[in-house]
Amino acid sequence: MYVPANLNDLLQYLETHQNGVHLIANGSDLLNRIRRKQINAKVLVDLSGLSEFNYVKEEDGKMRIGALTTISDIVASPVIDSRYQVFREVAVRFGGPSIVNVATIGGNICAASSSEDLLPVLLVLDAQVRLKSKVGERILRLEDFLIAKRTIDLKPNEILVETMFRELDEDSTCAFEKIGMRNSLIIAFVNCAIYLKLDKNIKRTEQIRIAFNRVAGKIPERARQTEDALRGKILNESAVKDSLSVLKNELQLNSDFRVSKEYRTDVACVLFKRALTRCFEKLMGEKILV
Ligand SMILES: Cc1cc2nc3c(=O)[nH]c(=O)nc-3n(C[C@H](O)[C@H](O)[C@H](O)COP(=O)(O)OP(=O)(O)OC[C@H]3O[C@@H](n4cnc5c(N)ncnc54)[C@H](O)[C@@H]3O)c2cc1C
């Protein structure tokens, strides 16, 4: 195990040691993978002491969350006000209390699996990631950073230092839904996150982004046809019903040992309807009847 004294020390180490080196934050994903022999790390480089990357702040119209910030630090932050209720919606369904206290946002992003709960939320927030190395930094859209299941665009000399997304205003909101066999310590059958921006005067959808995990290909993905079907529409019962049939055709979910593809698709449609109606309710203070 290599424990860097500070960021410079870490970046210098990564510049010169790359073979068999694996970064570890709080280990709630990685240690299981090492135990299952899915990863053969000769040296673990411990990021958990880099407390300068534990923060949540709003700056220049953007929300910035440091990579070492845990789920419980996020929801405890005074910056996470009612606009960002979505992070509380994730936290109450995330693992159990012991996991929420150690799971970092950077670890969730870089684990890049089909079961990470923050990924659909950050995708619909159109988040970016900031990567640092000894030679400089790169900023990428999360959507481009996530290449495939367990594959990210991170070079061996880089670390993820923060994720950021545009602040939510009074016309926009976000909601998250998840369902599994039980409420805690369980991998979801399917997750759904929605970002909605409304023209509140006429209840028209100005922007919408929808993401699910457990899609074929096994990385969270946007449901773009359903987004297109709703964009510019007055959000009422018939618009939601029409979008549900688009979604049912668009979704390509997998069967696995947990549930069948058909069941997962039906559940995804229910989660979509719940998340969309909750977004509408958060913005308008009234329900869409569906
Ligand atoms: C019992 C249990 C329940 C769980 N429940 C959930 C759940 O409900 N929802 C959910 O989403 N996840 C869940 N997880 C998975 C895990 O807790 C999360 O993925 C967590 O966010 C990982 O954070 P970590 O700090 O522990 O990452 P680690 O395990 O330390 O790292 C995960 C991966 O990210 C890389 N990494 C970490 N930080 C960085 C960085 N800054 N830069 C570059 N690479 C980095 C590591 O190299 C590693 O490959 C659960 C895990 C367990 C054991």
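Read the numbers this way: they start at 1 and go in the same order the structure lists the ligands and their atoms.
Checking only distances, Ala103 never comes within under 3.5 Å of ligand 1, N or O to N or O. Between Gly95 and ligand 1, at least one pair of N/O atoms sits closer than 3.5 Å. Residue Ile99 places no N or O, backbone or side chain, under 3.5 Å from any N or O of ligand 1. In terms of N/O distances under 3.5 Å, ligand 1 is approached by Leu30. Considering backbone and side-chain N/O atoms, Arg33 never comes within less than 3.5 Å of an N/O atom of ligand 1.
In the hydrophobic cluster analysis, where Ile, Leu, Val, Met, Phe, Trp and Tyr join through side-chain heavy atoms closer than 4.5 angstrom, Val100 is grouped apart from Val102.
Annotation for ligand 1: atoms under 4.0 Å from non-hydrogen atoms of Ala67 are 41 (N). Close contacts of ligand 1 with His22, meaning ligand atoms under 4.0 Å from a residue heavy atom, involve 47 (O), 49 (O). Residue Leu47 approaches ligand 1 through these ligand atoms, each under 4.0 Å from one of its heavy atoms: 38 (N), 39 (C), 40 (C), 41 (N). Using a 4.0 Å cut-off to heavy atoms of Ala25, the atoms of ligand 1 that qualify are 25 (O), 30 (O), 37 (C), 38 (N). Close approach of ligand 1 to Asn32 (heavy-atom distance below 4.0 Å) involves ligand atoms 53 (C).
In the displayed structure, Gln38 atom CD is contacted under 6.0 Å by more than 12 heavy atoms of other residues, nucleotides or ligands. Around the NZ atom of Lys203, the shell of radius 6.0 Å holds no more than 12 heavy atoms that belong to other residues, nucleotides or ligands. In the displayed structure, Asn19 atom CG is contacted under 6.0 Å by at most 12 heavy atoms of other residues, nucleotides or ligands.
Proximity of Glu162 to ligand 1, defined as any heavy-atom pair under 4.0 Å, is not found for any part of the residue. With a 4.0 Å cut-off on non-hydrogen atoms, Asn108 touches ligand 1 through its backbone as well as its side chain. Counting heavy atoms under 4.0 Å from ligand 1, residue Leu154 touches it through the side chain alone.
With sequence neighbours excluded, the residues forming a side chain to side chain donor-acceptor pair (under 3.5 Å) with Thr226 are Glu250, listed by chain and number.
Of all the listed residues (Gly27, Ser28, Ala41, Gly107), Ser28 holds the heavy atom that lies closest to atom 53 (C) of ligand 1.
No side-chain donor from either of Ser28 and Asn26 sits under 3.5 Å from a side-chain acceptor of the other.
Using a cut-off of 4.0 Å between Lys/Arg side-chain N and Asp/Glu carboxylate O, Glu89 and Lys282 are scored as salt-bridged. Using a 4.0 Å cut-off between charged side-chain N and carboxylate O, Asp266 and Lys248 make a salt bridge. Electrostatic pairing of Glu162 and Lys62 does not count as a salt bridge here, judged by no charged N lying under 4.0 Å from a carboxylate O.
Using a 4.0 Å cutoff on heavy atoms, Glu158 does not count as a contact of ligand 1.
Inter-residue side-chain proximity for Arg264 and Lys261 is flagged as unmet; no heavy-atom pair is nearer than 4.5 Å.
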